[in-house]
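Everything numeric in this text was worked out from a predicted model, so none of it was measured. Naming convention: chains lettered A, B, ... in sequence-line order (proteins, then strands); numbering from 1 in each chain. What's counted below: heavy atoms across the whole structure, side chains too, no hydrogens, waters or symmetry copies.
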Amino acid sequence: MNSYNELPKTYSPGDFEDKIYANWCEKGYFTPTIDHNKPSFTIVIPPPNITGQLHMGHALDNTLQDILIRYKRMAGFCTLWLPGTDHASIATEAKIVEAMRKEGITKEDLGRDGFLERAWAWKEQYGGRIISQLKKMGSSCDWSRERFTLDEGCSEAVKTVFVKLYDKGLIYRGNRIINWCPKCLTSISDAEVEYEDQAGHFWHIRYPFKDGSGYLEVATTRPETLLGDTAVAVNPNDERYKDMVGKMLILPLVGREIPVIADDYVEADFGTGCVKITPAHDPNDFEVGARHNLPVINVMTDDAKITEDYPAYAGMDRFVARKQIVKDLEEGGFLIKVDNYAHNVGTCYRCGSTIEPRVSLQWFVKMEPLAKPAIDAVRNKDIRFVPERFEKNYFHWMENIRDWCISRQLWWGHRIPAFYCDDCGETVVTKDASAVCPKCGKAMRQDPDTLDTWFSSALWPFSTLGWPEETEDLKYFYPTNTLVTGYDIITFWVSRMIFSALAYTDNVPFDTVLIHGLVRDAQGRKMSKSLGNGIDPLEIIDKYGADALRFALATGNSPGNDMRFSDEKIEAARNFANKLWNASRFVRMNLTIDQVALPAESELATEDKWILTELHKTVESVRANLDKYELGIALSSLYDFIWDIFCDWYIELAKTRLSDKESAGNIVCQNVIAYVLIETLKLLHPFMPFITEEIYQSLPHDDESIMIAEYPDAAKVPCFAEESEDMARVIDAIRAIRTRRAEMNVAPSRKAKVYIATKYDACFLAAAGFFARLASASEVIVADAFDAALVSGDNAVQIITDSAAIFLPMADIIDFEKEKARLAAEQKKLEDEIARIEKKLSNQGFVQKAPAAVVEGEKAKMEKYRENLAGVTAALAKLG
RNA sequence: GGAGGCAUAGCUCAGCUGGUUAGAGUGCUUGCUUGACAUGCAAGAGGUCACUGGUUCGAUUCCAGUUGUCUCCACCA
């Protein structure tokens, strides 16, 4: 026995995952040491909200990032994964306000400072929760560099950007129509509005002409906004209404005189062709109103009640007012008809309330000049999306971009660094905490609003590295490399990081955007609170371990595609971990050596050369797929190698040498099996960090931890093409014998002689022991050619493989009819295949145009099938 | 209204630049206490790769259309 740790009999991840993680942290492996001789590889985490709890989306996102980071770290890069959290202004403020409401306190009771004190206390209490949950996943983030979007450095970056943009004229303040959430009592950006189909009505209303010459019929889905109408518009080319443009109407219920105007915005064939224009409460109407210099009449308070200007409805909620107005219209004879009508209603992405378009004084970022370089960067491939198709999304959004409303009527966030003079109306934008009016010398009042959360998130890739300071980190780690995120956040975040980075750092923020899909439930539904179908990653970790969770999320995952999560998947993952555990336990218990070194080629057995060659191929495949961001394919090639090749074959082939400690090959085999296992553990480590570390520590090893070991390199794993072929022939033959025996229901305990006729006699002779162990052979007789006399009696089962004809003398149990039927079926199949290839080869087009290698391949295949067919035919003839 | 994804074994999905006897996991059937693992081993059944055209010597793979399905964007009062 060697001197390393034992592995417990059962795989019990809960016993070691936390311990291992603590050790990694303690050793400081996650914290890079800047080394200018090494290339850097940097990922900034998409900062989770401090209000958040770990869900499957985070789990997937972090698994993918950790795989890339651990791979690059082992592959020799100086690697930084920079973690942190987002203050999530609207979500957090809503949560705190809700908690206060339960205590009977309002924001106003506490005042701004009191509220912020409470918010920070809340952050201290809950903000760390999501971080500790990420640690359970095994995330190898550099926690010493952890950041928060509201910390000092990020705030400095935010102020710097704001002032810069303002000075360049790219930030302005103006009265515009914005999306207003009457519940959250704040503006929100266009991207934060979610549209949903709702059943509604189309009310047709009579607007009488002032001169008594009849009326116009106007249709609306929102009759309550009628109070703020300042015109009715028709299409200028609409013959029906041509003569009415310029005439005055009397607004029903209100009595105000409003004009009929002509504007291209109106489509003649939709509805009645007449549109009521309410500039204060509809974005399109706002624009029409601006073109025609119409007054903007606001009829609602900020919590969506009718204002005092309309006494009949004052104080009524908008939906109550709607009913009342419809009733009054009906009673006044203004209502013509009501149609049912399904339409899209904008809702607040946070609270779900119906959005109220509203005119108010807000800060905006002028987007067009910023968008252009951001579009170019992706077009030039300075930034690449994986998969590429998401570039379309990005371009579409960027090319149709509208100015970004960045002010929020919230307290939890970055306060807008603008100051106003109440006396002269002067505005000063400065990073300073206070300002004095340059005109009248009076103290100025700071804007009470805060910035959109995404304003600070947009700076995340560089604000976290110290920008605007020229820090060492910024110089070394920036631009970052890969950004990993879901497709649902491309517009909110990815695109804003890109234009921000280009505008302020003159550089791209990252070179690659790896997009992943959503994790859905077993039925394919989105996981959501309202459905209650969410799966808690922490519960999964408790039950199956973090490695199994990571495996389940990474395997079969292809970029940009959604995936389902199910019990079956996680169980399969756990079973794989268990398999690896037990295989390792087997290797471990057979080791007497204290150091592993690959033996010289001359000492290696054929099966050793075979497994090394298979390992070589696996290393190539894993690395190539990791480099292509095909993490799912990389992992499944590892899975196949470990389970189907290493466990099912190599371990079985190695058992003889391993169990006989005195045998000549024992030490050689120990070294080979340990070498292959250790290299495999390294390959697997980025995907399943805990179990690989635990096993690594129990085997002879060179590095203190597997996570700082060198990632396997195919160039360093020997490869023996010919011997590998030999082994494949033997395996093929063993499989064929097993298949025949299983078909005949021969118990494994019943041994039988095996006669093998082959031109590869040397390799089959050497493999005699394997036939005994794995194919129930009592004796193996190999000859270089078929000789009927070799076989005892005529009644042998005959098996034809690509490299051998095999005879199993089992006359007593052969069902001749079945045997004939089987051989006939095989004969037919081979004949069909041969016919197919013959047809192909007789096609001049194929022979002339197909690549020579393909044609040669087909010829070789046909040769092989012909040989097999001859064997099968002979066997059949023998049976009569 | 615009854009995109998906459609392959009963189920969940791979199959990445066209040439494979089309794969995996799971489920199903059969046989195994083979001294690492029953969370296992061995074997088997199961697919006109949605449909219709086109390009090509050759299409599950590329192109177009059709159908079904999901998503994103825009929002017409």
Thinking salt bridges, do [X] and [Y] make one under a 4.0 Å N-O criterion?
| X | Y | answer |
| --- | --- | --- |
| E620(A) | K617(A) | no |
| K655(A) | E652(A) | yes |
| E833(A) | K829(A) | no |

What about [X], does its side chain sit under 3.5 Å from the base of [N] through a donor-acceptor pair?
| X | N | value |
| --- | --- | --- |
| N578(A) | C37(B) | no |
| R574(A) | U39(B) | yes |
| E652(A) | A36(B) | yes |

Closest to the [X] side chain, choosing from [options]:
| X | options | result |
| --- | --- | --- |
| V854(A) | C76(B), C72(B), G19(B) | G19(B) |
| N625(A) | C16(B), A77(B), U26(B) | C16(B) |
| F270(A) | G19(B), C76(B), G15(B) | C76(B) |

Does a nitrogen or oxygen in the side chain of [X] sit under 4.0 Å from OP1 or OP2 of [N]?
| X | N | result |
| --- | --- | --- |
| T739(A) | G44(B) | yes |
| Y341(A) | A77(B) | yes |
| K569(A) | C13(B) | no |
| N284(A) | C76(B) | yes |
| R564(A) | C13(B) | yes |
| K840(A) | U20(B) | yes |
| N575(A) | G40(B) | yes |
| K9(A) | A36(B) | no |
| T555(A) | G25(B) | no |
| K526(A) | C72(B) | yes |
| W643(A) | A36(B) | no |

[M] and [N], which share atom name [atom1], separated by this distance in whole Å:
| N | M | atom1 | answer |
| --- | --- | --- | --- |
| U20(B) | G58(B) | C1' | 14 Å |
| A22(B) | C13(B) | C1' | 14 Å |
| A45(B) | A9(B) | C1' | 10 Å |
| C16(B) | U61(B) | P | 11 Å |
| G10(B) | G46(B) | C1' | 9 Å |
| A50(B) | C6(B) | C1' | 11 Å |
| U33(B) | G40(B) | C1' | 11 Å |
| C11(B) | G2(B) | C1' | 35 Å |

Classify the nucleic acid contact of [X] as base, sugar-phosphate or nothing, counting any heavy atom under 4.0 Å across all strands shown.
| X | result |
| --- | --- |
| Y865(A) | base |
| R836(A) | sugar-phosphate |
| K579(A) | base |
| N843(A) | sugar-phosphate |
| R740(A) | nothing |
| K829(A) | base |
| S558(A) | sugar-phosphate |

In whole angstrom, what separates [X]'s [atom1] from [N]'s [atom2]?
| X | N | atom1 | atom2 | result |
| --- | --- | --- | --- | --- |
| Y195(A) | U71(B) | OH | P | 19 Å |
| I489(A) | C73(B) | CD1 | C1' | 17 Å |
| E630(A) | U17(B) | CD | C1' | 13 Å |

Task: Within the 6.0 Å centroid threshold, strictly below: F202(A) and H204(A) - done: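 Between F202(A) and H204(A), the centre distance is under 6.0 Å.
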
TODO: Just need the stems in RNA chain B: three or more back-to-back Watson-Crick or G-U pairs, each with both distances under 3.5 angstrom, sorted by first number.
DONE: B:1-7 with B:67-73, B:10-13 with B:23-26, B:28-32 with B:40-44, B:50-54 with B:62-66

Open item on the list: Does R496(A) qualify as a cation-pi partner of W404(A), given the criterion of NZ or CZ under 6.0 Å from the six-membered ring centre and within 45 degrees of its axis?
Closed with: yes

Open item on the list: Check whether D263(A) reaches the backbone of V288(A) with its side chain - one donor and one acceptor, N or O, closer than 3.5 Å.
Closed with: no

Task: pair F565(A)-M527(A): side-chain heavy atoms closer than 4.5 Å - done: yes

